[in-house]
Structure formats: C-alpha cells, structure tokens
Amino acid sequence: MARVVVLDYGSGNLRSVERALQRVGADVEVTADRTAVREADGLLVPGVGAYAACMEQLNAIRGGRMIGERLAGGRPVLGVCVGMQILFDRGIEHGVLTEGCGEWPGTVERLDAPVVPHMGWNTVRPVEGTKLFAGLPADTRYYFVHSYGVRKWELEPSDVIRPPLVTWAEHGTDFVAAVENGPLWATQFHPEKSGDAGAHLLENWLSTFN
C-alpha cells in the first residue's frame, strides 16, 4: 500500500484530499512532520486561497525545503490548485509580488477572462506522452476553482534535460492546467473534487511510486 503524506501547512481541503487518496487505496497521513514527509512514498501539497498567505504558511513550516529535499532524491510530489501555483517563481495578487518555491520559472497572475473566478467543470488539453491523464478520454472534465493561474510557460527548452509535459486549459485565455516534470507533478484543478476522473488521475500518480 502506497504511503502518502498530505502536507498540513494550514491550507487546502485536507480531509477531502485525504478521503480521495484513501478511496484509491493509499495509506494517508495529514502532517507537517519532516521525517514523515521525507519517508513517504508520495507527498501531496494542497492549497486554497491567496498565494501570499499560502507561501507565508508554507514558509512557517519550511515546507519549501521539504519539497526540495524530496525532489532532490527523486521522490514524487503532487501540487494541487494553489499547491501547484506556489511551485512557480512568483505570484502577483492586487499588485503585490510574492516569491514562490521556484521549482519552475513563471508568474501566477490574475486570469484574463470575462468571468473570474473560473469555477466549475472544464476540459483540458493533455500533452502527448502524459502519464497523469493516461486512460482518460480527451473530453474528460475536471473541477476548477481559481482566479489566478500561470498564463505563460517560461522554462526555456533544453537539449540536455527532458522537457516537462505541460497540459493547458482555457478560460478567457489559455492557462497551465497541469505539469509533469520527473517526480514533480501538479494540477490547477482539484482531483479530489473531480469524481471518478479525479480518482483515476490519483491512481495514475500512485502507479509511479513503484
């Protein structure tokens, strides 16, 4: 049974995420204990609300360092919603810039759309070779709740490092809906609120642990 820690830093739908992971057979612990985070098969980083507030709470438990330590050892991490956004370099809300974890270059900014927040079900455009969306039809809908997102992918192509797989969605304009980058995966939508499709996606993540 896969052991997954849901990082408890004061943000996110912790119990909903816990139940969703249990549904697909994971042994789940909700904690900020550094040893538990290091030793788990997988780490899920949730997040809801304001980027700056989430980063403040994450920094209070040195969560960025925990994430970095896992990734340095090739250990799986999945960021969800704001838990995905904080993996980027920076977020800008109401004119205030907040430094993120810096795992990917890029800026989280307000969506350019007639209606914000983007709330409800939407499709995505999975990239070729995806493992995250494997086995899911192209017209599958996922549940989003957000006003901000990454509207431009800024990581320069490399001939040395395998490029991340970036999946896009549209609300007004395109934004990053998911990223697969070695052991670091992330989704802007909520798998735990996306029904059977979300459960399948989490199963795909757990399958990478072996």
Side-chain angles (χ1 to χ4, degrees), residues 1-48 54 57-88 100-104 126-127 129-136 142-143 161-167 176-210:
M1 181 179 290
R3 295 181 299 115
V4 177
V5 163
V6 176
L7 186 60
D8 183 4
Y9 65 101
S11 180
N13 303 305
L14 300 178
R15 299 308 165 190
S16 295
V17 172
E18 179 183 25
R19 289 192 296 270
L21 286 165
Q22 289 171 339
R23 173 186 173 186
V24 296
D27 177 14
V28 188
E29 183 178 4
V30 180
T31 183
D33 179 78
R34 186 172 180 177
T35 299
V37 168
R38 183 177 63 249
E39 295 181 354
D41 296 313
L43 174 67
L44 191 146
V45 183
V48 296
C54 285
Q57 292 168 306
L58 188 72
N59 288 335
I61 65 161
R62 298 186 177 182
R65 178 176 295 182
M66 294 186 207
I67 294 169
E69 287 175 350
R70 283 191 60 87
L71 295 176
R75 308 280 283 169
V77 176
L78 174 65
V80 171
C81 196
V82 182
M84 165 181 160
Q85 295 177 3
I86 59 177
L87 297 171
F88 286 85
C101 293
E103 297 296 338
W104 296 311
V127 67
T130 177
K131 295 181 180 179
L132 182 62
F133 295 97
L136 290 163
Y142 306 90
Y143 192 80
I161 301 174
R162 184 176 180 180
L165 301 179
V166 183
T167 289
V176 175
V179 184
E180 298 163 65
N181 185 197
L184 181 58
W185 290 12
T187 66
Q188 178 61 69
F189 57 85
H190 288 270
E192 78 280 7
K193 295 182 178 181
S194 296
D196 291 343
H200 186 105
L201 187 144
L202 290 174
E203 288 180 328
N204 286 346
W205 181 53
L206 296 184
S207 72
T208 67
F209 295 179
N210 299 325

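Atom CZ in Arg19 sits 10.5 Å away from atom CG in Leu14 (nearest 0.5 Å). Taking CG of Asp33 as the reference point, atom CD of Glu39 lies at 8.5 Å (rounded to 0.5 Å). Distance check, rounded to the nearest 0.5 Å: CG of Leu21 to CD of Glu192 gives 9.0 Å. Taking CZ from Arg162 and CG from Asn181, the interatomic distance works out to 10.0 Å, rounded to the nearest 0.5 Å. Atom-to-atom distance recorded for Leu184:CG and Cys101:SG is 9.5 Å, nearest 0.5 angstrom.
Nearest approach of Leu201 to Phe189, heavy atoms of both residues: CD1-CZ, 3.5 Å. Closest approach of Leu202 and Ala20 over heavy atoms only: CD1-CB, 3.9 Å. For Gly25 against Met1, the heavy-atom pair with the smallest separation is O-CG, 3.1 Å. Residue Arg70 comes nearest to Asp41 through the heavy atom pair NH2-O, 3.1 Å, listed as atom of the first residue, atom of the second, then distance. Between Ala36 and Val5, the shortest heavy-atom contact is O-CG2, 3.5 Å. When all heavy atoms of Cys54 and Val48 are compared, the closest pair comes out as SG-O, 3.3 Å.
The closest side-chain heavy-atom distance from Leu44 to Trp205 is below 4.5 Å. Val176 places a side-chain heavy atom less than 4.5 Å from the side chain of Met84. No side-chain heavy atom of Thr187 sits under 4.5 Å from any side-chain heavy atom of Tyr142. Side-chain contact between Val4 and Leu206 is present, with heavy atoms from C-beta onward closer than 4.5 Å. The shortest distance between side-chain heavy atoms of Cys81 and Gln188 falls below 4.5 Å. Counting heavy atoms from C-beta on, the side chains of Lys193 and Asn13 come closer than 4.5 Å. At a threshold of 4.5 Å between non-hydrogen side-chain atoms, the residues Val45 and Ile67 count as touching. Residues Asp8 and Thr31 form no side-chain contact, since every pair of their non-hydrogen atoms from C-beta on lies 4.5 Å or further apart.
The main-chain N or O of Pro46 is found under 3.5 Å from a side-chain atom of Tyr9 such that the two form a donor-acceptor pair. Not a single donor-acceptor pair under 3.5 Å links the side chain of Thr130 to the backbone N or O of Val127. When atom types are taken as modelled, the side chain of His200 and the backbone of Ala134 share a donor-acceptor pair closer than 3.5 angstrom.
Residue-environment remark: CZ (Arg3) exceeds the threshold of 12 foreign heavy atoms within 6.0 Å.
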Handout entry: Step-by-step side-chain contact (heavy atoms from CB on, under 4.5 Å) determination, Val30 to Arg15
Key = CA-CA 8 Å; Val30 180; Arg15 299 308 165 190; 3.5 Å; yes
Practice task
Just do the side-chain contact (heavy atoms from CB on, under 4.5 Å) check on Val17 and Val28 with the steps written out, would you?
Solution key: CA-CA 9 Å; Val17 172; Val28 188; over 6 Å; no
Problem - Lys131 and Asn204: CA distance, side-chain angles, deciding distance, side-chain contact (heavy atoms from CB on, under 4.5 Å) verdict - result: CA-CA 7 Å; Lys131 295 181 180 179; Asn204 286 346; 6.0 Å; no
Practice task
Kindly indicate, with the supporting measurements, whether the criterion side-chain contact (heavy atoms from CB on, under 4.5 Å) is fulfilled by Leu87 and Val179.
Solution key: CA-CA 11 Å; Leu87 297 171; Val179 184; over 6 Å; no
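Ring orientation note: the planes of Phe88 and Trp104 are tilted relative to one another, at an angle of 30° to 60°.
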